[in-house]
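Down below is the structure, laid out as structure tokens.
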Amino acid sequence: MTTPLAVELKALIAAEGPISVGRYMALCLGHPRHGYYMTRDPLGARGDFITAPEISQMFGELIGLWAVATWQQMGAPKAFRLVELGPGRGTLMADALRAARLVPAFGAAAQVDLVEMSPVLRARQAASLKGLATPIWHDGLESVPDGPVVVIANEFFDALPIDQFVRGRAGWHERRVGLDDADQLVFGLDPRPLPAIGALAAHFPPAREGDLLERLEGGAVQALGARLAAQGGAALLIDYGHAAHGYGDTLQAMKDHRFVSPLETPGEADLTAHVDFAALARGAKAAGARAFGALTQGEFLARLGLGARATRLQQGQDEAGRAAIAAAAHRLAGAEAGQMGTLFKVLALGDPSLGPPPGFAPQEEFA
Ligand code: SAH
């Protein structure tokens, strides 16, 4: 099947030659007219995928309480920026702000800033937050005004472009998207070997021929770490991925809750890569922040009190209602395949003076 974006990509590649995986991903997700996120609301049961805040209000509520505790740990500044990166439908932020009403001074001090590239989702976020906050939207963290921050990012970093490199006999070869003889999009390797691909590769296990290394592009985590170090605050990054560096191709495309080939329907399938949390921690640390974790989502939510929150919500519900709440809690925190408890990880970043953010222990600092 061809898509309007496939036509543009083929013309681009015909003119300029094969493009990097990162550029392919950036265009598939963010092309102004045909980008996946620019043209639709992909979330929910009827969309292409579902996320933790869309599964249950408990997720956003617990993160709201985390944000309150973090703000208190920061010394309860009278004014700070409550930032969400990639807020989707605004569900997490709405649930977080509702839960945070327990501490009115938090809401009074918070200015909500949303980093969102999609006009469709910005409208959705505005509707979700009506009466709860007066958000300001941004294209990137760099335009969020000065001041201490509490930053939340759920399933944001998996959507940021990665480049891929494959180990050959004489060095690394960049994986690129080009055209085959039938003018179809196809993966290939740049024949020119690269002797080195940056400092990060040194932290990976020794590479064998055929190993594939993924590297997040764009410097988003470095910018976040620098902001925390310079102006104070903390960030909570939640995503699916691995806690330690490893090789392997994790680029995946999802449409209608099913995996499809990443090259099949550019602009019409969600395109993500597993997050390398060790790389995020290193990037933030190199910029002057401290990193804690990554913990599994199941462990983190248990520490925040998921069990007690579920029990509280079950009160006054009929049997079906109680079962639905138990099922949602299990979906968020369960360890089995298909549940989010171990696949998803949670990393906290903070300015060096802050110490371990709520839910994290001193010995869980990323070394
Ligand atoms: N956090 C939400 C949505 C996750 S989907 C949830 O958990 O439900 C990813 C979100 O990040 C979407 O809102 C998408 O539009 C946004 N996004 C992806 N890449 C982005 C980028 N480069 N800049 C700004 N927003 C981006």
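Whatever order the structure lists ligands and atoms in, that order sets their numbers, starting from 1.
Between R175 and D249, at least one side-chain nitrogen of the basic residue sits less than 4.0 Å from a carboxylate oxygen of the acidic one, meeting the salt-bridge criterion. Between R98 and E61, no side-chain nitrogen of the basic residue sits less than 4.0 Å from a carboxylate oxygen of the acidic one, so the salt-bridge criterion is not met.
Contacts of L160 with ligand 1, taken as heavy-atom pairs under 4.0 Å, involve the side chain alone. In L43, the part holding a heavy atom less than 4.0 Å from any atom of ligand 1 is the side chain. Proximity of L121 to ligand 1, defined as any heavy-atom pair under 4.0 Å, is confined to the side chain (atoms from C-beta onward).
Interface of Y37 with ligand 1, defined as ligand atoms under 4.0 Å from a residue heavy atom, comprises 5 (S), 9 (C), 12 (C), 14 (C), 15 (O). Atoms of ligand 1 lying under 4.0 Å from any heavy atom of G88, numbered from 1 in the order shown and given with element: 2 (C), 3 (C), 13 (O). Numbered from 1 in the order shown, with element, the atoms of ligand 1 that lie under 4.0 Å from a heavy atom of E155 read 4 (C), 5 (S), 9 (C). Close approach of ligand 1 to P53 is summarised as follows: ligand atoms under 4.0 Å from at least one heavy atom of the residue are 6 (C), 7 (O), 8 (O).
The shortest N/O to N/O separation between N154 and ligand 1 falls below 3.5 Å.
Counting heavy atoms from C-beta on, the side chains of I136 and R81 come closer than 4.5 Å.
L200 and F366 are assigned to two separate hydrophobic clusters, defined by single-linkage of ILVMFWY side chains at heavy-atom distances under 4.5 Å. Note on L12 and M38: same hydrophobic cluster, where clusters join Ile, Leu, Val, Met, Phe, Trp and Tyr whose side-chain heavy atoms are under 4.5 Å apart, directly or indirectly. Linking Ile, Leu, Val, Met, Phe, Trp and Tyr whenever their side-chain heavy atoms come within less than 4.5 Å leaves F277 and Y247 in two separate clusters.
Of the protein's non-hydrogen atoms, the one nearest atom 13 (O) of ligand 1 is E116 OE1, 2.5 Å. From the protein, the heavy atom lying nearest to atom 2 (C) of ligand 1 is G86 O, 3.3 Å. Looking at atom 26 (C) of ligand 1, its nearest protein heavy atom turns out to be F156 CE1, 3.6 Å. The nearest heavy-atom contact from the protein to atom 8 (O) of ligand 1 is T51 OG1, 2.5 Å. Nearest non-hydrogen protein atom to atom 19 (N) of ligand 1 is M117 CE, 3.4 Å.
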*Audit row: D48, H257, side chain to side chain donor-acceptor pair (under 3.5 Å) steps and yes/no*: CA-CA 5 Å; D48 288 316; H257 298 264; over 6 Å; no
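Residue G30 places every heavy atom at 4.0 Å or more from ligand 1.
Between F49 and Y37, the angle of the ring planes goes over 60°, which puts this pair in the perpendicular group of the 30/60° scheme.
The heavy-atom pair separating H173 from P191 by the smallest distance is CE1-O, 3.1 Å.
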